[in-house]
Amino acid sequence: MKRILVAILVVTMLVASLPGMTGCSRKSRLNDWYNASLDVYREGLKTNWANEEEYKSLNIADDLKGNNPNKKIGYLLVDLDEDGVDELLIGFNDGSTATKFTDVLVWHSDLGAYKLLGGGSGYYIYLCAGNVLAVDSWYGSQTERTFMTWNSKTNSFPHVDGEGKYLPMKWDLTEF
């Protein structure tokens, strides 16, 4: 099963990187990478992350592992920069006031489907109003929160002034 998932992911990435070579529409190719990426998480959750070694580039957060009936793990597709292409956010709701995201996967123009932001173990990514991301990071002995947006044209997350302007929100996730 692991080899099949790897093959699906590799083929999907290759096909998606050849825009003029397939008869598929852009939307269809994008759905393929969403589904291939989601299959990795689905399989991981089903097998208690026995497939983790195969997907080292994902660095699965410990927060997604283990069995906790009070934690609802899932994903959200949202067009962060309103370019018509949804980004994939993986996270969980655990009863707190905001949804905690551990992975932000984007369509990178040079790399294809790619995890560009990651968190976990107390340092999370939150989606705020206006598609602004609040990102907790550890610097030395303190936690800092930065605010950023996704820009697919430059494949970057430019920082924005968000202190006091954007609050992390609770989102309904589609469970795996």
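In what follows, residues are counted from 1 in the order of the sequence shown. This structure is a prediction, so every number in the text was calculated from the model and none was measured.
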Open item on the list: Starting from I125, can I reach L167 by hopping between I/L/V/M/F/W/Y residues whose side chains sit under 4.5 Å apart?
Closed with: no
- [ ] Tell me whether L64 is reachable from Y123 by hopping between hydrophobic residues (I, L, V, M, F, W, Y) whose side-chain heavy atoms are closer than 4.5 Å.
- [x] no
TODO: Treating Ile, Leu, Val, Met, Phe, Trp and Tyr as nodes and any side-chain heavy-atom pair under 4.5 angstrom as an edge, say whether V160 and V106 lie in one connected cluster.
DONE: no
Task: F147 and K165, any side-chain heavy atoms less than 4.5 Å apart - done: no
TODO: Indicate yes or no: at least one non-hydrogen side-chain atom of V78 is less than 4.5 angstrom from one of D86.
DONE: no
Task: Minimum-distance pair of heavy atoms, taken over all atoms of A113 and W33 - done: CB-CE3, 3.2 Å
TODO: Mind listing the closest non-hydrogen atom pair of A134 and C128 along with its distance?
DONE: CB-SG, 3.9 Å
Open item on the list: Side chains of S109 and N155: any donor to acceptor distance under 3.5 Å?
Closed with: yes
- [ ] Check whether more than 12 heavy atoms from other residues, nucleotides or ligands sit under 6.0 Å from atom CG of D172, and answer yes or no.
- [x] no
TODO: Could you grab the distance from atom CG of L88 to atom CH2 of W107, nearest 0.5 Å is fine?
DONE: 12.5 Å
Open item on the list: Same cluster or not: L76 versus L117, using hydrophobic residues (I, L, V, M, F, W, Y) connected whenever any side-chain heavy atoms lie under 4.5 Å apart?
Closed with: yes
Task: N70 side chain to D94 backbone, donor-acceptor under 3.5 Å - done: no
Task: F157: which of V104, T149, V135, N151 passes side-chain contact (heavy atoms from CB on, under 4.5 Å) - done: V104
- [ ] Rounded to the nearest 0.5 Å, what's the gap from CD on E82 to OG on S152? Could you check?
- [x] 11.0 Å
Task: Distance-minimising heavy-atom pair for L89 and L80 - done: CD1-CD1, 4.4 Å
Open item on the list: Between K72 and G95 (side chain of the first, backbone of the second, donor and acceptor by atom type, cut-off under 3.5 Å), is there such a pair?
Closed with: no
- [ ] Quick one: do D81 and E87 satisfy side-chain contact (heavy atoms from CB on, under 4.5 Å)? Show the steps, please.
- [x] CA-CA 9 Å; D81 64 351; E87 284 68 47; 4.2 Å; yes
Open item on the list: Has D136 got a side-chain atom pairing as donor or acceptor with T143's backbone, closer than 3.5 angstrom?
Closed with: no
- [ ] Starting at CD of E144, measure out to CD of E163 and round the result to the nearest 0.5 Å.
- [x] 10.0 Å
Open item on the list: To the nearest 0.5 Å, what is the distance between CD on Q142 and OG on S137?
Closed with: 11.5 Å
TODO: Dump the intermediate steps for side-chain contact (heavy atoms from CB on, under 4.5 Å) on N131 and W150, then the final yes or no.
DONE: CA-CA 8 Å; N131 294 335; W150 168 242; over 6 Å; no
Task: Shortest non-hydrogen separation from K170 to T97 and the atoms involved - done: CB-O, 3.5 Å
Task: Shortest non-hydrogen contact from P168 toward R145 - done: CG-NH1, 3.6 Å
Task: L38 side chain reached by I90 side chain, heavy atoms, under 4.5 Å - done: yes
Open item on the list: Is it the case that the side chain of D79 and the backbone of D83 share a donor-acceptor pair, with hydrogens and angles ignored and the cut-off at 3.5 Å?
Closed with: yes
Open item on the list: Would a single hydrophobic cluster contain both L77 and L105, if residues Ile, Leu, Val, Met, Phe, Trp and Tyr are joined by side-chain heavy-atom contacts under 4.5 Å?
Closed with: yes
Open item on the list: I'd like to know if the side chain of D103 reaches the main chain of I60, judged simply by a donor and an acceptor atom lying under 3.5 Å from each other, with no hydrogens or angles considered.
Closed with: no
Open item on the list: Can a donor-acceptor pair be found, under 3.5 Å and without considering hydrogens, that links the side chain of Y41 to the backbone of Y75?
Closed with: no
Open item on the list: Which heavy atom of A98 sits nearest to which heavy atom of Y126, and what is that distance?
Closed with: CB-CD2, 3.9 Å
Open item on the list: Looking at W171 and L127, would you say the former's side chain and the latter's main chain have a donor-acceptor pair under 3.5 Å?
Closed with: yes
Task: Side chains of D63 and Y124, donor plus acceptor under 3.5 Å - done: yes
